[in-house]
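Here is the structure we will look at.
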Number of protein chains: 2
Amino acid sequence: MDATSGKQLSSDNIESRLRVVGLRVTGPRIRVFNLLKQIGGHHSADDLSLRLNAGKDGMSRASVFNVLNDLSSAGLIMLSDAGPGRAFYEASDTWHHHFVCRNCHEIFDVPCAIGRKPCLEADLPGPGFAVDEAQVIFRGLCPACNPEIAPGVVVA
Amino acid sequence: MDATSGKQLSSDNIESRLRVVGLRVTGPRIRVFNLLKQIGGHHSADDLSLRLNAGKDGMSRASVFNVLNDLSSAGLIMLSDAGPGRAFYEASDTWHHHFVCRNCHEIFDVPCAIGRKPCLEADLPGPGFAVDEAQVIFRGLCPACNPEIAPGVVVA
DNA sequence: ATATTAATTGGACTTAATGCAAATAAAGTA
DNA sequence: TACTTTATTTGCATTAAGTCCAATTAATAT
């Protein structure tokens with residue numbers, strides 16, 4: 001089996017990735033991961049729970065929370081920093097940052113110049129800090145809410 | 001009145017700063033602002049509410065939320081990006097970033113090389129975005145939770 | 001001093017997330 | 001395959017964070 005075969009390399013599919021990080025391969029985990037990958041973008045636990053229960057592949061809300069916690073702490077999905085409030089998750093293979101609109105609160109991906117993490121140097125308050133990630137949140141107005149671009153729009 | 005007098009410049013005290021941004025000067029706003037400045041650090045609404053009601057200067061929980069919203073959207077205090085979950089506020093005069101420990105969740109300030117916002121360029125997904133702020137969250141282990149520094153510490 | 005309008009308040013309510021104990025299912029072993 | 005062990009899932013109760021509302025109070029303008 002090589003890259004030209006239809007099958008994915010074992011390290012690329014979710015089942016082996018779960019095994020690699022020492023998590024059991026379970027239905028709920030596969031469903032959540034696949035959904036996230038399929039729909040793309042940034043989603044809260046309740047958003048995903050709703051979508052999963054819309055189809056016939058229901059699963060408990062608590063499990064969605066559990067799974068998201070497990071997958072994100074194992075690094076299989078990303079917990080997007082988008083400010084205080086509920087947590088948003090995404091299945092992305094490349095490290096990136098976020099732009100959050102102050103008006104409509106939509107989240108946009110912003111590519112990371114370096115493409116790996118940490119991509120920014122920290123001038124830390126002392127020795128002993130071990131940084132493994134640097135995530136940037138850009139804030140402002142998105143094109144749809146920017147009065148310069150979309151005149152007539154009322155920015156609350 | 002000049003800088004050598006005991007009094008602060010009018011633009012430096014909270015009362016005039018409130019007026020400048022078009023907010024009324026009220027007891028609750030002054031109390032919250034002063035407390036935040038006095039104790040320093042990063043605090044949630046409920047934390048501040050608790051402290052305010054510990055003394056005899058009580059005020060309603062809803063007001064603490066209202067005041068924090070007003071002050072932060074007016075730019076008089078800063079809403080610290082520290083990841084999903086409850087909101088943390090601080091009264092700081094210089095723009096800076098944050099390090100959040102993955103284990104104990106403590107928040108540390110990380111100076112910003114530029115010192116004002118936005119301090120980073122975003123490679124935005126299209127035209128029409130107006131960025132006014134870029135805040136970085138560094139994650140990892142703080143000295144107290146770093147096993148390299150504090151052997152014997154169990155990182156959950 | 002009065003009128004106007006903003007801010008505060010308490011309490012109910014919503015939303016996001018966690019805790020727990022019982023039931024279930026995955027993976028290792030014989 | 002059957003069995004055993006232990007992780008995971010589940011439903012429900014609970015906590016935590018924040019918002020909403022209509023009535024009251026207080027700040028500013030006149």
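All heavy atoms count here, side chains included; hydrogens, waters and symmetry mates do not. Residue numbers start from 1 in every chain, and the chains themselves are labelled A, B, ... in the order their sequence lines are given, proteins ahead of strands.
Ranked by how close their nearest DNA chain C nucleotide is to the 5' end, G27(A) and G85(B) are led by G85(B). Residues D70(A) and R19(B) each lie close to DNA chain D; by heavy-atom proximity, the contact nearer the 5' end of the strand is made by D70(A).
Look at CD1 on I30(A): it is 14 Å from C1' on dT9(D), rounded to the nearest Å. Atoms CZ (F33(A)) and P (dT8(D)) sit 17 Å apart, rounded to a whole Å. Distance, L18(B) CG to dA6(C) P: 16 Å, rounded to whole Å. For the pair F88(B) CZ and dG18(D) C1', the interatomic distance rounds to 14 Å; values are reported in whole Å. L50(A) places its CG atom 16 Å from the C1' atom of dA17(C), with the value rounded to the nearest Å. In this structure, L23(A) atom CG and dA27(C) atom C1' are separated by 13 Å, rounded to whole Å.
The residues D132(A) and R139(B) are annotated as not salt-bridged, no charged nitrogen and carboxylate oxygen being separated by less than 4.0 angstrom. A salt bridge links D93(A) with K37(A); the closest basic N to acidic carboxylate O contact falls under 4.0 Å.
Backbone-only engagement by N69(A) is indicated by non-hydrogen atom pairs under 4.0 Å involving sugar-phosphate atoms exclusively. As judged by a 4.0 angstrom heavy-atom cut-off over every strand, T26(B) is placed among residues touching the sugar-phosphate backbone only. Base contact: N66(A) has a heavy atom under 4.0 Å from a base atom.
Among V64(B), L71(B), N69(B), the one residue that satisfies the side-chain contact (heavy atoms from CB on, under 4.5 Å) test with Y89(B) is N69(B).
Listed nucleotides: dG19(C), dA17(C), dA27(C). Nearest to the side chain of R86(A): dA17(C). Closest to the F65(A) side chain, of the nucleotides dT18(C), dT8(D), dC20(D), is dT18(C). With dA17(D), dT9(C), dT9(D) as the candidates, the nucleotide lying closest to the side chain of D46(B) is dA17(D).
For dT8(D), the base has no donor-acceptor partner in the side chain of R29(A) [N/O atoms by modelled type, under 3.5 angstrom]. Contact annotation: side chain of R61(A) to base of dT10(D), donor-acceptor pair absent below 3.5 Å. Judged by atom type and distance alone, R24(B) reaches the base of dA27(D) through a side-chain donor-acceptor pair under 3.5 Å.
The shortest heavy-atom contact between V110(A) and A122(B) is CG1-CB, 4.1 Å.
For the OP1/OP2 pair of dT9(C) and a distance below 4.0 Å, the side-chain nitrogens and oxygens of S60(B) include at least one atom meeting the criterion.
The six-membered or imidazole ring of F108(B) lies away from that of F138(B), with a centre-to-centre distance of 6.0 Å or more.
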